[in-house]
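Comments concern the structure below.
Just so it is clear, the model here is predicted, and its values are computed rather than measured.
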Amino acid sequence: MKKIALATIFVLILATSLIKNSTKEMEDKIFILNENIRSLKVELGEMTLDYNFLSSPDKLIEYQSKYFEKDLIKIEIMKVKKITEKNNLIHISDFIKKTNNE
Amino acid sequence: MSNKKNNFILEEYENEFSYKKSKTNLNIEFNRIAFIFFIFLLISIIYSIQLLHLGSLKKTVNKNKQTITKKNYRADIIDRNGNYLVKTVDSINVGIHPDKVIDKKHLLLMLNHIYKNKNLSEIKKKLNKKKFFYLEKNIRPQRYEELMMLGDKSISSEASLMRLYPQDNLFSHIIGQIDNDNNGISGIEKFFDKELKRINKPLKLTVDTDIQFLIREELLRFQRIFQAKGSAAVLMNVNNGEILSMVSLPDFNLNKRETIKDVNYINRITKGTYELGSVFKTFTIASGINEGLIEPDTEFFDSKKSISCGKNHNIQEYDNKMPSDLTVEQILVKSGNIGSVRIVRKVGIEKHKSFLKTIGILGKIDFDISEVGRPQAIDWYEGCKLETIAFGHGITTTILQLAKGYAIIANGGYDIKPTLIKKNLDKKIKRKKVLKNDVSKKMNSILRKVVSEGTAKLINVEGYQVGGKTGTAEQVNNKTYSNTKINTLASIFPTENPKYVLVVMLESTKNNKEYIYEYRDGSGFKLKGSPRNTAGWTSVEAAGKIIDKIGPILATKYIEN
């Protein structure tokens, strides 16, 4: 009986040390991944900042006047239609509905 | 014989010995296992102690690391769509310790080589003072490298942070500024200073960059057209108080990091308090309807063109052609002063005061930036205060509070808190109803008529069911009314189920003889030159053009909201 108890304790100690060891390895991997993510996040932040600056309304208006002045036209929203499909039938309606008090 | 006897005794001893031997064997086996177990236990204890020690060490290191990072940390600020409004980037400050300088002449020569266009006489003076000073803050990497290449021990560097604003002026009054020590000194930067140093993710605002840009562009345009001293516009969701845009002009470029001392740069939405005139007539009528004293079709007969109150105070209609018999609805559509006075007299001081307090017009508003103005205290029993308040004189408030008031009237009578901070939509906030059920429905319908038939026709943008009220007030300078005007339009749309409140204010406007107005009644009629310097011909026109621009975005992008 004593032998079994001792053997169990020994196995538990061995298992604990093995688990601890593998946990440490996993922790190392997590640490490395976190560090990599951190640097990627910094890079992403900088890229997003560049993107936000280059696609800011101010810049877009500038690009429009420089490159697309004749290509882009304004569409009246009242002329925009909405297409919906119901029971294999296509229904076209106004995107903005006029009401009686318009 | 004697030898034989001896042998016998030996055998007996042998038996005894063998018994003892077996007993001793067992003991040795047990002790060995106990010993091994003890050794393992000892090793495991040492191992555990070491682990605990390492664990505690790691924690301290992490803590130290955190404090180091937090000292130079400030969270970014983004708009409701995740676009950067403010981004923190690492930066370096370089300074000189004069007491560590070995050869001053040599150092100055070297610095002169690096800073070719810089006057070094100041640096020379500072070097003589023997007190540490910064050579350059937020230095460029190339220049930092050049300085470090000098290898002079007196030159030292420190990590710092720099805030970048990709939208320059666009959100200057909202975001505010920070000082050199990473402390917020105005706007969101000041109000959320602690949070920005603590939170690990960007602070998300309710504003929309595209809408803010379009509104600012239109305001700038109309400020030029009507030569206004300043202008302001706020667009807010009437149901949850989220501010989509808040523009106050003039504004400033945050990237220039200037100290703003000119009072004209005041935040006209939150800090400036104004007498706003006839936009208050909406509150007077809503107050009467809320008290059950009037209905939109209640008639007021035989109204005079002027009435007196207090000590020699005369209240007049601004238009002598104003009919003497008007319904409540017509009083607002035609913006009648006398009609409004008759209504407020019916309501009484206490009830009207309580109504204005309920919708947040009186007192300082609780908001997300520090620059918040406090409306002037009112002596309600002085002269004819109640009567003048009925049409928006003798009472001041901020544009933000005006927007809040209109939002509560339009949204079904629910209290809201204007906010710039985007909150988690999953949490359902229970709204508090502060006005009676039918007030909104009746008021929205009247406000719609003001636009379709009354003083705000130029904002009648097709498809958006705009409702609103104009207000032209003489500006108070040195406690007396001047010729300059505050022209305001408070609008809600769509009136059938209001979602947004838009308030536009132009300060100290002038008539423009060249500007061409295009009527929105479908007639195609055009009018050259502004006939009058009133809100109806200035702020309303600006607001109409703003809705023209932002309407499609609101209708498509926020269709679900």
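Closest approach of B/K87 and A/E46 over heavy atoms only: CE-N, 4.2 Å.
Between the OG atom of B/S44 and the NZ atom of A/K20 there is a distance of 11.5 Å, given to the nearest 0.5 Å. One finds the OH atom of B/Y84 at 5.0 Å from the OG1 atom of A/T48 (value rounded to the nearest 0.5 Å). Going from atom CD of B/Q167 over to atom CG of A/D58 covers 8.0 Å, rounded to the nearest 0.5 Å.
Residue B/L164 touches chain A through its side chain alone, counting heavy-atom pairs closer than 4.5 Å. Neither the backbone nor the side chain of A/L60 comes within contact range of chain B; no heavy atoms are under 4.5 Å apart. With a threshold of 4.5 angstrom between heavy atoms, A/L14 does not approach chain B through any atom at all.
Other residues, nucleotides and ligands contribute over 12 non-hydrogen atoms within 6.0 Å of the CG atom of A/D71. Within a 6.0 Å sphere centred on CD1 of B/I39, heavy atoms belonging to other residues, nucleotides or ligands number more than 12. Dense packing is recorded around CG of A/L40, with more than 12 heavy atoms of other residues, nucleotides or ligands lying under 6.0 Å away. Annotation for A/Y63: atom OH counts as buried by contact number, over 12 foreign heavy atoms lying within 6.0 Å. Residue B/K442 qualifies as enclosed at atom NZ: its count of foreign heavy atoms under 6.0 Å is above 12.
With sequence neighbours excluded, no residue forms a side-chain hydrogen bond (donor to acceptor under 3.5 Å, both in side chains) with B/K201. Under the salt bridge (Lys or Arg N to Asp or Glu O under 4.0 Å) criterion, A/K59 pairs with A/E62, not counting sequence neighbours.
Screening residues 159-171 of chain B for salt bridge (charged side-chain N to carboxylate O under 4.0 Å, His left out), with sequence neighbours left out, gives B/R163-B/E189.
Your options are B/L85, B/N83, B/L214, and the one with the most heavy-atom pairs under 4.5 Å with chain A is B/N83.
The interface of residues 49-57 of chain A with chain B, defined by heavy-atom distances below 4.5 Å, comprises A/L49, A/N52, A/F53, A/S56, A/P57.
Using a 4.5 Å cut-off on side-chain heavy atoms (C-beta onward), A/F10 and B/F40 make contact.
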